Structures are given as structure tokens and as C-alpha cells.
Amino acid sequence: MNVLLIILAAIAVVWTFSYRRLPAIAWTVAAAIAIGLLTAYSGWSSSSLAALWVLLIVAAVLGNPTPLRRALVSRPLLGLFRKILPQISQTEQEALDAGTVWWDGELFSGNPDWNRLLSFPKPTLSAEERAFLDGPVEELCQMSNEWEITHELFDLPSPVWQFLKDKGFLGMIIPREYGGLGFSALAHSEVIMKLTTRSGTTAISVMVPNSLGPAELLLHYGTKEQKDYYLPRLAKGIEIPCFALTSPEAGSDAGGIPDFGIVCRGEWEGKKDVLGIRVTWEKRYITLGPIATLLGLAFRLHDPEHLLGGTEDIGITLALIPTRTPGVHTGRRHMPLNAAFMNGPNWGKNVFIPMDYVIGGVDYAGQGWKMLMNSLAAGRSISLPANSVGMAKLCALTTGAYGHVRTQFRMPIGRFEGVEEAIARIGGNTYIMDAARMMTAGAIDLGEKPAVVSAIVKYHLTERARQVLNDAMDVHGGKGICMGPSNYLARAYQQIPIAITVEGANILTRTMIIFGQGAIRGHPYVLKEIAATREADPRQAVLDFDAAFFGHLGFIAANKARALWMGLTGARFVHVPGDAHTRRYYQQLTRFASGFALLADVSMLVLGGSLKRRERLSARLGDILSQLYLASSALKRYEDDDRPAQDLQLLHWSIQDALHRMEQAFYGLFENLPGRFIARMLQSVIFPYGRELRAPRDELGSQVVALLLTPNPARERLTAGVFMSRDEDDAVRTLENALGAVIAAEAVEAKIHAAHKAGTIAGKSPDQLAGHALQKGVISRAEAETLERARQLRRKAIMVDDFPQDFGKTEIYQTTKAVTFEALH
Ligand SMILES: Cc1cc2nc3c(=O)[nH]c(=O)nc-3n(C[C@H](O)[C@H](O)[C@H](O)COP(=O)(O)OP(=O)(O)OC[C@H]3O[C@@H](n4cnc5c(N)ncnc54)[C@H](O)[C@@H]3O)c2cc1C
């Protein structure tokens, strides 16, 4: 009995110490006390006790950072690690070194500090930024007509181009000292989001100069002369920039571009013997390329004559080349999925450029990849997430309204359970997408460049936007399909694959980047271990490796103890912030962060360097990390909004959905990890009772739908930022007007229905019943007018455009308006 008690007590102590991640010295002292007690009171034989003391000494020497441990364990292990660690190419290394680790680091720690999350300030706009959104952005939206742009002009109208140059839209990220708007990331995001709700083409045309391109690169790396000359010109749209990286042979593998430059001496503007580069390139898919005046170009630089020094292959280099330079070919266009923004190929052969065209000058020749990777995170965190949320908000607003206004089988379609399923997904997805957009923009405004987070929001927000658009199209039926000026969905539906493909195509981003980069960047020890293997000083290398490796072992033990304890208890004893509605979510997320950290480590141990090639496994690990991030952002949003009770259903749906997706990713790993014993062991530690996390229940989905079908504060918050035209005939405005009118008419319809049932009035059609109700005084004239207004607006909202039989060259190419049914009949 005594022995059993001692064993149980020892297990409890080991578990608690692991859970709390106590340092080795604490373990040593505790073990010494325990063996001391045994020596004094147990009555065990002296040989058993002596063996225990010897064991303790060995464990203390190996468990604590002693010189003997370093010599006996760490040094040989370091040698082994040097051999087995996967080779990381220079381009991969530069990608890994880029940007910062932010909330993703906390999630990777297995024990996120929620108070830290909640202490990040709520992202807010300055008065000036708000005024810009309410002024020029509204105006630009009012001026932009996506049908005219994409169907008739295949370009933005000249006044729109002029307006966005004059008002500084192309220079939102350029500081004021250079004449730019110097906007915060949040303001930048809000501008792109609102523009998207009106015109994808306008949004993308504004997005690109403010994302990764000449301005961003100049700000970080430009010489003073380059900045002073170009930034004011870019800010005012005197220069139209583009950035050309992609070539026909190198898309996702952009580091492998075949475009090259040779350092040489040549003639430039009448001067002979000028040091420069002869560049040859062929690029495609370049946004704004056809009209650009300033071409940002990436190519590999060679110096066969050693004019710059000893190295021949200098590496990827970035230059700014005015497109008027002889030999530069631009102007031709691609047609990217009916979006009419400028996009096309460009090329040049042996084009001579002086060395000062290199961004940052000769010092930055060969640093191009690093420069690109370092500048990627900010733009990737803002542009496509804002664009995706804009689409989702537009879908949420219009699908909710359409679901109410459109009736079939004498019921608003939004009340059919099948349709509810789709609308609930729209609401929940939009809520969490917007939360992640704002939280990430807030991080940029805190000075972060969160590389892994930027990949998470790029992938997940574009994917969820695709889901939301699909759902919105399904709910709209033929109304979403028939194209014309009154179709507010179809262009976004057509354009969503662009967002999926650019700035790191989604399959690659999910399978290679999120976990691949996160595992090394966000993990508390892996990067330190890798750094130790590269340390030149042998003594320092062993010291660093010893600390990192044993820290890592402690980390794994802690996560195992934590994951199991929280699995058994449902994490109910974990101390977290939040309120009665959210505390459980914080607890569950803490539990799964621990599970994730354990699973990530074991996967890396089991698969080693081959994890990089096992993309489906890496993708699922990335999915868990991503859902942890998205759910964190929803909790943060709820707190930032002062816990609005009306939003609770949206919050519940979105977090339950994230947890459910997380569980699916965990099980996908358990089922596919090589090493079945380890996989089963992990499953029983992380999910001791099996699957627990259900998808949001139908009833919750119905509650979310109810929020979208009628005007209310939660719907307003969810769709804040959607542009509403001043034009009463605008399709989105018509739909919102119809929603209001239909709701106003519902009380009148109820009176008529009651009178009909009571036999007070009679009639076959709704019109007859209404007429009779008015005659009999069941409803007033004002109420009859309310009914009529609802009837007219409902009809206007559900109608689609139609065209002459030959798709009338006149209507398509010469007028901006399709002929409506009403006009013809
Ligand atoms: C409209 C538009 C605008 C663009 N604007 C610009 C611009 O302004 N400047 C610029 O330089 N580029 C631009 N691009 C290029 C864009 O960045 C590339 O299209 C993108 O990098 C993908 O390259 P790709 O199209 O050649 O596809 P590919 O590289 O051929 O990829 C095809 C598919 O294979 C997947 N894949 C590839 N490698 C892997 C891997 N290792 N693991 C898993 N999956 C993988 C990809 O995810 C993708 O799904 C633009 C593209 C488009 C369509």
C-alpha cells in the first residue's frame, strides 16, 4: 500500500512539475527530498537506497546544464543534428528570417497568454482616416460602376483614374513627408474593403501600388535620391508602378526566375563607360504592367567580369526601370476572369540600365529575395484579407436581405432550413473573417510584420470568401447568375480565384508556408536549435544547442502533461479571462494549443526533414494553427466591441466552427501520421474521450440567420463598410430599401390575413384581399400604400437584366444600361 502511495505521489509530482515546466534544478531538489525521506523513513535496504542516490546523481548531472552533460550528450547530438537537419536553401532561409513572430508564437508555445492578446489595443481609425473613408472613398465608390468597367470600358473610366490619383489613393502607404497619405494599416484595409464592395476592379487597381511593390521597397531599401525622386511622384500618381516577379517558367517557385542581368559598362544618356546592367526578362501576369510608367523588376544578377567584386552569381536583384527606357516592352494585356484591372506581360532583351536603378543601389544588389520576403508580410496581411472581407460583407448584407425579400412557396426563402444552412455559414464566416482582418491590421499598426500570420489570413480569408460567395450565389439562384448592371454578386464570384492565386497560390500557402514557416519561426526552440548547428564558434555552438535541445525536451514533456490533463478535465480548471459566454472557448483553445504544440513536435521528430515533402500533413498542422488564430481573433473582436450581446450567436457559430475544423485536422493527422503506435498514443493523450467537438448546431445556425434577415445592430456591425449608393436605382440600395419596405408591410399583411381568416374580407389574390381590406377599413390608406411600396420594391429587387436577342451590340458596347423588363412591357 505504502509503495503504491509513493508511486502515485511520484506520478502526481512528475505530472505537476511537467505541467508547470519547472526547471531542472527544481526537479533535482524535489527528487533529493523524496529520496532523503525514503532513506529516513522507508526502511528500504541500503543497497536499494544507494542505487536511488546514484540514479539521482546521474539524472542531476544529465538533467542540469552541466559541463559533463554538454560533453557527453549535447556535443555528439549536435553533430548528429548537423547531419540530419533538412537542408534549407538560401531563398528558404531568407523567407524564414523575414518578418516577425507575433500571436502565432504564443499559440505555438502551447500555453497562450490570453491577457496579452486582450491587451493589444483595439484597432481604430484617426479622425482624418475616417473623414477619408466618408469622403473620397464614398465618392470613388459612387463613381465606379463595375458593370461599365468590366463589360463596356474594360478599364476604369478616365475620371476615376484621375480621381484616385488626385486624392492619393495610390499613395496610402507613402508617408506624408513624401506627399502620401501615410495611413495606418487599418485605414488601408478599410479603404480596400469598402472599394471591393462596389468594384473589384477599382479595389485591385488601388490595392496593388499599396502592397508589395516599388513604394514599399523604396521605403525600406531605397537610397535617399531614389526616395526623394520617386515617392512624391508615386504618391500623386505621376508614376504608375507595377512589380514584375512572375515569369512563364517561374510562378510559385519565384526564386527560380530565369530572368537575368549582366554587370557591364555601357553608354547611358550620352555618357560612355557607365557601370550598369544588361537585363533580359520575360514576365507575365503583371498587375498595372500595361499602363505602368515605372517597372519594378526582379532578376538574377551575374558579374562575370567581377566589376562589383569577387562573386559571379550575385543573386536576385530588384531594379526600378522607367518603362520609356529603350527596349522595355509593356502594353499588352491579359484578361483575368472578367476583372478589368490592368494586367499583362512585359519583356526586354539586353536592356541597359545604370547601376543606380537598382533599388538601394549597388549595396543591395543580390539582396532582392530578402527584400521581397521582408516586405511581403505587411501587404499580404492587408490587401487580400480586406478584399475577401469586402466580398463576404457584401454577400452577408445582400443574401440576408434577399433571403427575406424573395419568397417561394409563400415563405421568405431565408426561412427554409436548407437555405438557412447556407446563410448561417455566410454570417459566421463573415464575422470571423472580419475579426481576423482587423486583428491582423492592428498588429501591423503595432509595428509587427507577422510573416506566418500574413500567410494564415491570406489563405483562410480568401478560402472563406470563396465559400461565402458560393453560398451567396446558391441562395440568389438565377438572380446571381444572370449578368448585367443589377447583378452585384457575379463579378466577385468570377474574380475570387484571382485572390486565391496571387501573393502565394493557396495550395502552396496552406501546404508549404503556414506550418513550414511557422514550425521554425513560431516554435520556441527549433530556430534556436538550427541556429546552434550553424554557429561557427564550437564552444558557443554546444552551449546554445544544449540550452535549446533540453529546453525543447522539457517543452515536449510539458505539452504532453498539459494536453493529457486538459483532455481528461476538458480544460475546466485552466484559469482564463472572458465572461460566461467565452470562458469555455479560452479554455478549449488553451487545451488545443497544447495539443498542437505536442503534435507539431512529435510530427517533426517522426518525420524529420521529410515533413517538408509530406505536404498534406504539414497542411493539417497549419490548419490547426490557423483555426487557433482565427478563433483568437473572434474572441478579441468580441472584447474589443465591448461584448455586444447581439453578436453572441455569430461569435458562438464562428468559434464552434473553428473548433470543429480544428478537430478534423487533428484526426486527419492521427489517421495519416506514419508510425501508427505514436499516432494512437497522441490521439489518446489529446482526445482521451474521442471526438468531442461538434459543428455548430442547426438551432444556432437559425439564430445567426435571423440576425441577417432583418435590420438590427448585429447585422449593421457585421456589414459595416459596405458601400451604399446614393442612387435609388442601384441594385444593392434597392434590395435594402425592399427589405425595409417588406418588413414594414408584414404587420399590414398580418392584419389582412387575420381578417381573411375571420371571414371579414374575401379575395383570391393578395391584391384582391388588400383592396377588399382597404374597402372594409381593415387597413388604412397609409397601410395600403405601405403594401404597394413593398410590392414594387420587392419586384424591383428580384428582377434581373435582359438584353436584345443578339445581345445587342448597342446595349453591350454603347450604353451603360441594360433594357429592363418594365421598359419593354
Ligand atoms: C491576376 C493576377 C495578377 C498577378 N499579379 C502579379 C504581379 O503584379 N506581379 C507578379 O510578379 N506576379 C503576379 N501574379 C502572379 C502570381 O503571383 C502567380 O500566378 C502565382 O505566384 C502562382 O504562379 P502560377 O500562376 O504560375 O502557378 P503555378 O506556380 O504553376 O502553380 C500552379 C498550382 O500548383 C501549386 N503549387 C506549386 N508549387 C507547389 C508546391 N511546392 N506545393 C504545393 N502546391 C504547389 C500552386 O499552389 C497552384 O495551385 C499575378 C497573377 C494573376 C493571375
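Order of listing sets the numbers, starting from 1, for every ligand and every atom in it. This one's a predicted model, so the numbers in the text were calculated from it and none came from an experiment. Counting begins at 1 with the first residue of the sequence.
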Inset, instruction - Tell me whether the centres of the aromatic rings in Y221 and Y364 are closer together than 6.0 Å. - result: yes
Inset, instruction - Just jot down the side chain to side chain contact (heavy atoms under 4.5 Å, CB included) partners of R466, sequence neighbours excluded, or say none. - result: E463, N470, I496, I500
Inset, instruction - Examine distances only and state if a side-chain atom of S454 and a backbone atom of A451 form a donor-acceptor pair shorter than 3.5 Å. - result: yes
Legend entry - Contact residues of ligand 1 (heavy atom under 4.0 Å), by chain and number: F243, A244, L245, T246, G251, S252, Y285, I286, T287, P336, F341, N343, I498, T501, V502, A505, I507, L508, T511, M512, E615
Legend entry - Near-ring test Y230/Y178, centroid separation under 6.0 angstrom: no
Inset, instruction - Taking atom types as modelled, find out whether T501 and Y285 have a side-chain donor-acceptor pair closer than 3.5 angstrom. - result: no
Inset, instruction - Give, for atom OG1 of T196 and atom NZ of K194, the distance between the pair rounded to the nearest 0.5 Å. - result: 12.0 Å
